[in-house]
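Sequence positions, counted from 1, serve as the residue numbers for this chain. Please read all numbers here as calculations on a predicted model, not as lab measurements. Note that these values count all heavy atoms, side chains included, but never hydrogens, waters or copies made by symmetry.
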Amino acid sequence: MINDPELTSVALPDPTRPDVGLILISEWRTQGLKEQERVMSGVMDVWQNSRLPTAYLSRHCLKGTDDQTILNYAQWTHPDAYRAFAEEPQNQQALGSAIQALYTAGPPGRYTLYRSVALRDASTRCFTTVSYDTAGSPAARELADELATRSITTPASPELIAQHFHVSEDGRRLYVLSAHADEPEEATPLFRPYRGLVRLSSPAT
């Protein structure tokens, strides 16, 4: 049960949400299907049962079709708001310790959405991901523009409907989240919807 009336369960993230100032992304690799499901369910239970600030916008666990990988995707209004929440001792003890008990992981990658490309009008069924090491923010943005142009000008697979280009805070990584209307056969793993916790309304400014 979700106690906060502004939060609701939504299975898929919206990478183009306009009020997002920070995106946290990580991919975890578990030991198999049972652990994958235990970790995803446990992590989302922890977040659902926590007191979350208005700066929190969403958190999703997406299930890899290899029955091992988990894609974690979270959105916050601003880096400073997330930092204040993460550094609060009570949150470190309660939320942080609970998640570490489920899965030992380093800090997530911190990103902003640089641009998105919509290729077809269809509902998203799953995502694929790819990341690139880059020499800095200008290089990451240049690569994103090149990849976006290629997607627009070169016929893509019929399943691909959108691509979302994320640049890390330090500019050293470009993370591409691709949305598909159907599951492409060649991609491994695909990330299917599992659980998400989303704030429906933007915090007042």
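The minimum heavy-atom distance between Cys126 and Pro184, with the atom names listed, is SG-CD, 4.3 Å. The minimum heavy-atom distance linking Ala122 with Ala181 is given by the pair CB-CB, 4.0 Å. Closest heavy-atom contact between Pro79 and Gly21: CD-O, 3.8 Å. The two residues Arg83 and Asp80 come nearest to each other via the heavy atoms NH1-OD1, 2.7 Å. The shortest non-hydrogen separation linking Ala148 to Arg115 is CB-CZ, 3.6 Å. Taking both residues in full, the closest heavy atoms of Leu102 and Val39 are given as O-CG2, 3.6 Å, listed atom of the first, atom of the second, then distance.
Criterion: ILVMFWY side-chain heavy atoms under 4.5 Å apart, direct or through other members. Under it, Leu33 and Phe191 are not part of a common hydrophobic cluster. Using a 4.5 Å cut-off between side-chain heavy atoms of Ile, Leu, Val, Met, Phe, Trp and Tyr, with links allowed through other members, Tyr132 and Leu160 fall into the same hydrophobic cluster. Ile70 and Val43 fall within the same hydrophobic cluster, where Ile, Leu, Val, Met, Phe, Trp and Tyr residues are linked whenever their side-chain heavy atoms come under 4.5 Å apart, directly or through other members. Residues Tyr175 and Phe127 share a single hydrophobic cluster, defined by chaining ILVMFWY side chains whose heavy atoms lie under 4.5 Å apart. Both Tyr82 and Val46 are part of a single hydrophobic cluster, where members link through side-chain heavy atoms under 4.5 Å apart.
The aromatic rings of Tyr56 and Trp76 lie perpendicular to each other, with more than 60° between the two planes, well past the 30° mark.
With hydrogens and angles ignored, the 3.5 Å screen pairs a side-chain donor or acceptor of Gln75 with a backbone N or O of Asp14. Looking at Arg199, its side chain never comes within 3.5 Å of a backbone N or O of Ala55 through a donor-acceptor pair. Of the possible donor and acceptor atoms, one in the side chain of Thr134 sits under 3.5 Å from a partner among the backbone N and O of Arg173. No donor-acceptor distance shorter than 3.5 angstrom exists from the side chain of Ser41 to the backbone of Glu37, with no hydrogens or angles considered. Thr124 places no side-chain N or O within donor-acceptor distance of the main-chain N or O of Ala179, the cut-off being under 3.5 Å. Without hydrogens or angle criteria, Ser58 side chain to Ala74 main chain gives no donor-acceptor distance under 3.5 Å.
For Glu142, the CD atom counts as loosely surrounded, since its 6.0 Å shell holds 12 or fewer non-hydrogen atoms of other residues, nucleotides or ligands. Annotation: Arg172, atom CZ; neighbour count of heavy atoms from other residues, nucleotides and ligands within 6.0 Å does not exceed 12. At most 12 non-hydrogen atoms from other residues, nucleotides or ligands lie less than 6.0 angstrom from CZ of Arg51.
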Report task. Take Arg125 and Leu190 through the test side-chain contact (heavy atoms from CB on, under 4.5 Å) and record every step on the way to the result. Result -> CA-CA 10 Å; Arg125 181 177 176 183; Leu190 302 168; over 6 Å; no
Query raised in the report: Is there a side-chain contact (heavy atoms from CB on, under 4.5 Å) between Leu62 and Leu12 once you walk through the steps?
Result: CA-CA 8 Å; Leu62 301 175; Leu12 285 170; 4.2 Å; yes
Requested in this report: With side-chain contact (heavy atoms from CB on, under 4.5 Å) as the test, would you mind laying out the steps for Asn72 and Leu24 before giving the verdict?
Outcome: CA-CA 8 Å; Asn72 298 280; Leu24 305 174; over 6 Å; no
Report task. Please test Ile25 against Leu71 for side-chain contact (heavy atoms from CB on, under 4.5 Å), starting from the C-alpha separation and ending with a verdict. Result -> CA-CA 7 Å; Ile25 301 174; Leu71 172 60; 4.0 Å; yes
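In this structure, CZ in Phe165 is found 5.0 Å from OG in Ser151, a value given to the nearest 0.5 Å. Atoms OG1 and CG, on Thr112 and Leu22 in that order, are 8.5 Å from each other to the nearest 0.5 Å. If you take CE on Met44 and OG on Ser9, they are separated by 7.5 Å, rounding to the nearest 0.5 Å. Considering CG of Leu52 and CH2 of Trp47, their distance stands at 6.0 Å, rounded to 0.5 Å. Atom CG in Asp170 sits 7.5 Å away from atom OG in Ser137 (nearest 0.5 Å).
Among Glu35, Lys63, His60, Arg195, the one residue that satisfies the side-chain contact (heavy atoms from CB on, under 4.5 Å) test with Met40 is Lys63.
Between His166 and Tyr73, the ring centre distance stays below 6.0 Å.
A salt bridge is defined here as a Lys NZ or Arg NE, NH1 or NH2 lying under 4.0 Å from an Asp or Glu carboxylate O, and Arg192 with Glu183 meets this definition.
Side chains of Gln36 and Tyr194: no donor on one and acceptor on the other come within 3.5 Å.
A heavy-atom distance below 4.5 Å is found between the side chains of Pro189 and Thr65.
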